[in-house]
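When a ligand or atom number is given, it counts from 1 through the structure's own listing order.
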Amino acid sequence: MNVPELIRKKREGGVLAEDEIRHLITGFLSGSVEAYQISAFLMAVFFRGMEPSEAATLTRIMMKSGRIYDLSSVPGIKTDKHSTGGVGDKVSLVLAPLVAAAGAVDPMVSGRALGHTGGTLDKLDSIPGYRWDLTEEQFRRQLEKVGCAIIGQTDDFVPADKRLYAMRDVTATVESIPLICASILSKKAASGAEALVMDVKCGSGAFMASEEDALKLARQLVSIGTELGMKVSALLTQMNQPLGTTVGNALEIHEVLDVLEGKGPADTRDVTVELGAEMLVHANLAASHEEARGKLNGLLDDGSAMAKFQEWVAAQKGDPRIVENRALLADAPDRAGFDAPRAGVIQSMNTRAIGVACNVLGGGRVVSSDTIDHAVGLEVHLKVGAEVKAGERLVTLHHRGGKGLEEARKLLAEAIVIGEEPVKPLELVIARLDATTA
Ligand code: URA
């Protein structure tokens with residue numbers, strides 16, 4: 001097959017056949033298709049899109065590019081959640097132990113930070129000792145014993161996604177609906193998940209800024225996931241402001257512990273419970289979302305979710321004493337304030353810029369080889385719709401010796417818009433879709 005002809009076909013809006021997609025993907029992995037050719041292909045997909053059946057074929061080919069976990073020996077319906085990526089999104093770290101405390105089995109495979117968004121694996125790295133590199137057998141045994149595990153992608157697990165994602169990250173082709181669907185669903189199907197709730201983030205801090213695009217993405221995730229044999233639903237959730245009050249790896253672990261202690265910001269807790277309710281209904285552990293919410297709120301309030309968190313962290317060699325002794329978490333040596341330049345009401349937040357502000361402090365990667373400073377980040381004290389006085393503290397920056405501080409302040413000054421108009425607090429869950437409504 002002639003690779004430039006395949007690229008040209010997609011460039012002209014054609015629909016690629018299965019053997020053509022396979023030729024491109026397997027060729028890229030084996031080295032017979034060059035990186036510059038796959039970049040051109042990705043850009044053609046970015047502009048021309050893919051038919052749903054074509055995206056499903058790409059997903060299947062990617063899923064089969066490496067090891068597929070067999071969790072059939074683990075009793076129960078394996079149910080998982082995946083987010084399309086946001087700022088301050090620490091949900092997975094509360095959700096996995098929470099649903100496991102409710103009797104669910106959650107085989108979670110998570111990723112690193114992408115662009116301005118945070119990554120669950122980077123957050124987990126700020127728990128001293130935590131190992132996310134379990135073998136398949138260790139993963140399976142932990143799921144049987146604890147009910148949840150959060151691991152990272154290895155070289156032989158969906159290598160096509162690993163390679164393609166790295167390519168997309170440096171060729172401005174991340175924000176493509178078929179490419180996002182194939183990337184996420186290939187991993188979920190290969191991880192042994194039988195049911196999935198997608199947290200499709202929508203707003204300025206998400207890859208899909210408009211509700212229209214986020215809905216399109218959610219529909220395709222549900223329909224391709226269903227075609228692959230999974231039970232899938234999707235919630236469109238708010239990303240026009242950071243989730244919760246912290247952005248940055250160790251700071252987000254503090255918030256996770258707060259929520260597991262039955263405290264913490266309401267939006268983080270509520271979105272976690274909403275996603276968890278989907279998972280319990282998928283796994284037949286609750287007859288209705290209402291019943292599931294009641295169960296999950298009870299497990300947060302009575303300490304069961306926290307006990308499961310400690311069991312899970314210890315099982316993966318992390319130090320569970322962080323719960324009683326938060327001084328074990330990394331702490332930045334310096335603090336600075338970002339205060340309201342005028343009185344008024346917070347009209348909007350450019351959430352992407354807030355994510356970038358955390359990155360420039362050292363909390364994320366600007367290039368993939370960067371190492372992350374787990375201690376730095378932001379505490380966001382007030383959100384959209386809040387009335388503020390001139391000089392009131394909006395954000396506390398946790399920094400190291402001023403690194404990135406001025407640039408972060410500049411980003412915040414542009415990101416947080418204060419005006420006169422009253423603004424309603426933003427709704428947390430914007431829409432819900434499943435196979436019957438997608
Ligand atoms: N998360 C993924 O795993 N892949 C994407 O393409 C976007 C978010």
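For the salt bridge (Lys or Arg N to Asp or Glu O under 4.0 Å) test, residues two or more places apart in sequence or in another chain that qualify with Lys162 are Asp155. Residues satisfying the salt bridge (Lys or Arg N to Asp or Glu O under 4.0 Å) test with Arg269, not counting sequence neighbours, are Asp301. Under the salt bridge (Lys or Arg N to Asp or Glu O under 4.0 Å) criterion, Arg326 pairs with Asp258, Glu261, sequence neighbours left out.
In this model, a donor atom of one side chain and an acceptor atom of the other lie less than 3.5 Å apart for Ser233 and His282.
Taking 4.0 Å as the cut-off between side-chain N and carboxylate O, Glu137 and Arg141 count as a salt-bridged pair.
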For Glu136 and Tyr69: C-alpha separation, side-chain torsions, deciding distance, then whether side-chain hydrogen bond (donor to acceptor under 3.5 Å, both in side chains) applies. CA-CA 7 Å; Glu136 184 180 346; Tyr69 293 162; over 6 Å; no
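Near ligand 1, His82, Thr84, Leu114, Tyr165, Arg168, Ile180, Ser183, Ile184, Lys187 each place a heavy atom less than 4.0 angstrom from the ligand.
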